[in-house]
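First up is the structure itself, then whatever we jot down about it.
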Amino acid sequence: MTVVKHVRRRDDFSDMREPPEWAALTVSDLAEMARLAVMAHDECEVWDDEENVPMPAQELEEVTLSDPDVPERFEYLYRPGENLFSDVSAVIVENGWSIFPQERDGRRAPARIDGEPLRWKEVHHLDRVRPSDELLTRWNLAAPTMNTALVLGEASGRTFAVDIDCKISSVSKHVEALAEKHLGATLFRRVGREPKVALCYRYPEGQPPGYSDIILNNDGESHRKCAVEILNPGRALTIYGIHHETRKYFQHNPRHPITGLTPQDLPEVSPEALKSFLEDVEAYAASNPDLVRPEPRMRASRTGTGQTLQLVENPSGTGLTEYLPPLTDERDQKWASADGERVTSGREAYLSRLVFYNATRNGQALLEMTGALAVGSLTVLVRDAARRTVYQDRKWSEERLESETERKAARLVSQLRSGDIQPYVPRQRPAVPAAPAPAVDADAEALTRRFRCLGRRKNDRGELVFYFMSSTSDIVQFSAEKLLRRAALVQLDAREDFWVGRFPKRTRDGVITGADWERAGTELIAEQGQIPLYDPEKVRGRGIWLDDTAGPVLHAGDRVYVDRKPILPGAVPGDFIYDNLPPYRVDADATPLTDDEGQALVNLMASISWTGNRETYGLLMAGWIVAASVCGGMPWRTHAWLVADRGQGKSWLLDNILSPLLGGHALKVQGQTTEAALRRILGQDARPVLFDEAETQTHRDRERIQSVLNLARAASSENGPEMLKSSVEGDGVKAFRIRSSFLFQSINNGLTQSADESRTIVFEIRQPSDMTERTARFDKTKALLTKAMVPGVAGRLLARALQKLPEIRKACEIFHRALTRNGCDSRTGDTFGSVLAAGWLLRQPEAPLSDEHADAIVRELGIADAAKMAEPEQDYEKIFGLILQLTHPKGIHDDATVAEAIRTIAFSNPPTRWGDFGDVWKTDGAKTVLAGLGISVKGTGKEAVVSLAVGSIQLSRAFEGSMWAGEAWHRAAQRCPGAEKGGTARIAGRVCKVLTVPVAAFMGEA
């Protein structure tokens, strides 16, 4: 009797009957699929695992099935040219995993998209967010046959992997048994080349595991090499596709990310359980006499590699220090030297490490240079080092060495400037001043809490409780059920004596045997009834804030600066909670810019070839930079849009002025960035955002940029409404409040909606056509740049903005009133008044002393005129303007426009090209033009009214694809003064419901 447990086949099941759910597949199901496959002349093998041979096709009909269990594993054989990534990417992401396409060769590099390697971490941040539908569509088209790599970490539901990279079957099975014992049985089991196996698990929130590796056997025989790695968040793991050595599919359990497996289905592993597992693996390897362990070596860490670097001061005259890694990589064996003088194998990996070392260890010096100078200096430094240490041949010629060096240097400098990587600094935390602790009794100190409850909040899965941990300044959350367990309580406070002292567990004889964890959790749950609901608005991320108690504060991640003095985030007085976050680069000790130095920056910005008054827009741009630096403390956040044709200097302005002035405080992103990614990266931070290449040439581009503009729109007001989004983690709805100022840069102005136009100042650059004048202006700008960019200018500008924040807020209100008195609406007063206030305080010691003084400023500097010109048209004005340009759908009467037809009927002013035809012919022709569009005119002169048929197909077609599509156009048009809806009119022989508008308002002449 044959038992079928193993099916191998080359095609999918598209031509067979629909299979049942994968988790419920039985041996009978598999056999039936195999029979159908053979009947369809498909290539399929059903293996008898007892005999370890494929069964002949003729015997399939005679198979007797005796085991209804789920089959042990699936293995699909590769069909050349078949789609891999594109067939499964959407369902994997939908099930909660973050992925990217990966090359199928031994390098396992990210796939190349449009000729460039996919930068899944640096650009798309897939360790933090899952790929969008737009990205997946693009990757599916560009790399359909690639493998699928899983990105471990938060984006994939807090996952990590245990990679049992072991070629000795007995050892691999023993380690897997230890994993099941300590970590639990996981449904995610992936086999590439047996007996190697990778197991996926989840880690508790806020407790990601670090990278660990244990060498179990290294006796020099490659077929016996054994190691166990803990692949921590941020690493990639191939989960679907073709193994680069066996050329067969990866094997997996029936439950898999392509068959409905979600991260929530995996066991959650505590740090204690993982530590226990690694200790048992070490003990097993040490006690096994057949395994040869390597000599103890330095382990990798997040800040260093454990390898000795050689230092050379100021080589090649770059002002930088050269750092050389060893010529043979003893740790990871990624490169080696055959002669001890030059790297001969792994040259690509060596060059990447060489650039990284020199970029991070010279990071501060590179950040103080302009973009081009930094790239050039790093390229020269690394190129000269590589010439001495890399063996050159036909594959690695001088030209390739130089081009690879320049490309890698440009990427690393860009990552430094964007804050994606940080300059290397020794692990020395700054001293934190604190008041001396009062003398207390030791027992009382042991019973003092180091955490406090922030409140509770319900979600789809129950109630969550939030705690602030004073020792780490971290915010953690637990379900009420988890608070009854020791693991959660120890996470709140690891001191065993605290819990024993507060909640002792006693025997009948009164002997304390430990802590009563259930009673402790029960009391904490009972306390929640006396605490208000958790308010995420009280949590503040990185950036500058105005605190009701502490005043202006700078939150730099792991430190909060109050009165320029660093304190721990948990020690800031008041009601707000400053979360402990990764630090970013900011010079908190810088001296504020002086008034004269601030004026130098205004002069620099005024030298740019702005369209309009250069002095006016120069002051406004300088003001935007200051206001964006302190956007978290501003009452109104104005956005900017930088517009210029190619070659006009907008990229030069961004790279050489805006980015250096905002420094590491700003978040710099590219045009393909989505609203969801921005929202997740910003979180609770208050940081300026520089959005490069915000082009809107295609419909998809316009949709993506508009979603980002919606985010910026919500960020404008200090007390604006929250954005509510469904949580992908399954914990209900999450509230977001963005507090950033945005600057968009593009060739064309992408603002289309009045709500966005009224919150954004458009800065357009247009160079003189005369090359002599153009050169002279640029020379003047470069001279002013040298004068204005004093050493440490980014930190000093931030220090002045922080110092003047209360005065800036005061000036915002003063200039808002002045602009409204001078003819601007209230929204325009907010938008222009906030940046004018920041620009004014950049070069002045205080706000205007009176309303008269403010009125004179906005008039003399041209701010009032610029603000009134920038006020957007009302939606109904845009709608009427579009209708006036329409022509008859059949092109009659010389393609007369609606505007020409209305002038002919209402004002007897026909187009001159109609010649000497009679007035009756002209009037009838004009009525025909209007009737074909669903429009009529009644009356003459200024008393005439225009009737628009609200059901007109032609008018509706005119607005297809716009924000006024469908019925939105006539609803927006109703807001025109004098417009009336509800009447009827006869148009083209039929009675229609119409919207009537006075002709003067319709023609824009009211």
Side-chain angles (χ1 to χ4, degrees), residues 116-117 119 122 304-305 307-329 334-335 337 341-425 585 651-657 659-660 663-664 668 778 782 785-786 789-794:
E116 295 292 329
R119 300 168 63 189
E122 301 91 337
T305 63
Q307 301 195 40
T308 304
L309 301 183
Q310 299 178 19
L311 280 67
V312 181
E313 295 289 343
N314 194 26
S316 308
T318 60
L320 305 177
T321 301
E322 180 184 281
Y323 294 84
L324 293 179
L327 298 181
T328 296
D329 181 17
K334 291 184 176 181
W335 66 84
S337 171
E341 296 182 358
R342 292 174 182 267
V343 175
T344 53
S345 63
R347 287 170 285 188
E348 175 80 29
Y350 173 79
L351 187 59
S352 297
R353 186 70 58 86
L354 181 65
V355 177
F356 180 80
Y357 279 156
N358 285 278
T360 54
R361 283 159 174 76
N362 291 289
Q364 197 58 46
L366 292 171
L367 289 170
E368 292 173 359
M369 302 178 184
T370 60
L373 179 59
V375 173
S377 299
L378 182 59
T379 300
V380 170
L381 177 74
V382 177
R383 181 199 63 199
D384 292 349
R387 283 173 175 169
R388 302 193 313 272
T389 57
V390 175
Y391 176 74
Q392 296 184 32
D393 52 19
R394 292 180 62 184
K395 182 178 180 180
W396 276 88
S397 62
E398 175 74 17
E399 291 76 13
R400 180 182 179 186
L401 194 65
E402 186 156 351
S403 65
E404 286 290 312
T405 301
E406 184 175 5
R407 181 178 65 83
K408 293 177 186 294
R411 187 183 76 235
L412 265 294
V413 169
S414 174
Q415 290 175 332
L416 276 170
R417 297 171 74 85
S418 67
D420 288 340
I421 61 174
Q422 301 293 328
Y424 172 80
V425 292
R585 179 176 49 82
S651 295
W652 184 89
L653 174 64
L654 193 66
D655 293 340
N656 294 276
I657 299 180
S659 292
K668 306 173 187 68
F778 188 57
K782 289 192 291 185
L785 176 66
T786 303
M789 304 300 266
V790 296
V793 65

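Keep in mind that this is a model prediction, so the values were computed, not measured.
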### Message
I want to check something: taking the side chain as every heavy atom from C-beta on, are E322 and R388 in contact at a cut-off of under 4.5 Å?
### Response
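SC-SC contact between E322 and R388 confirmed.
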
Can you name the nearest heavy-atom pair linking [X] to [Y], along with the distance?
| X | Y | result |
| --- | --- | --- |
| L324 | A385 | CD2-CB, 3.7 Å |
| L381 | T321 | CD2-O, 3.9 Å |
| V343 | S345 | CG1-O, 3.4 Å |
| P326 | Y350 | O-CE1, 4.1 Å |
| A359 | L412 | CB-CB, 3.8 Å |

* Check whether any side-chain N or O of T360 sits under 3.5 Å from a backbone N or O of Y357 as a donor-acceptor pair, and report yes or no. =>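 Pair found, side chain donor or acceptor close to backbone of Y357.
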
Sub-3.5 Å donor-acceptor pair from the side chain of T379 to the main-chain atoms of V375, do we have one?
yes

Mind checking side-chain contact (heavy atoms from CB on, under 4.5 Å) for [X] and listing every partner two or more places apart, or none if nothing turns up?
| X | value |
| --- | --- |
| Q364 | E368, P423, R585 |
| Y391 | R342, T344, R347, D393 |
| A386 | L351, L354, V390, L401 |

Discussion item. Between K408 and S352, do the side chains contain a donor N or O and an acceptor N or O under 3.5 Å apart?
Written reply: yes

Lys/Arg-Asp/Glu bridge criterion (N-O < 4.0 Å) met for R383, E406: no

Side chain to side chain contact (heavy atoms under 4.5 Å, CB included), that's the test. Do N362 and L378 meet it? Break it down for me. CA-CA 9 Å; N362 291 289; L378 182 59; 5.6 Å; no

* T405 and E402: CA distance, side-chain angles, deciding distance, side chain to side chain contact (heavy atoms under 4.5 Å, CB included) verdict -> CA-CA 5 Å; T405 301; E402 186 156 351; 5.7 Å; no

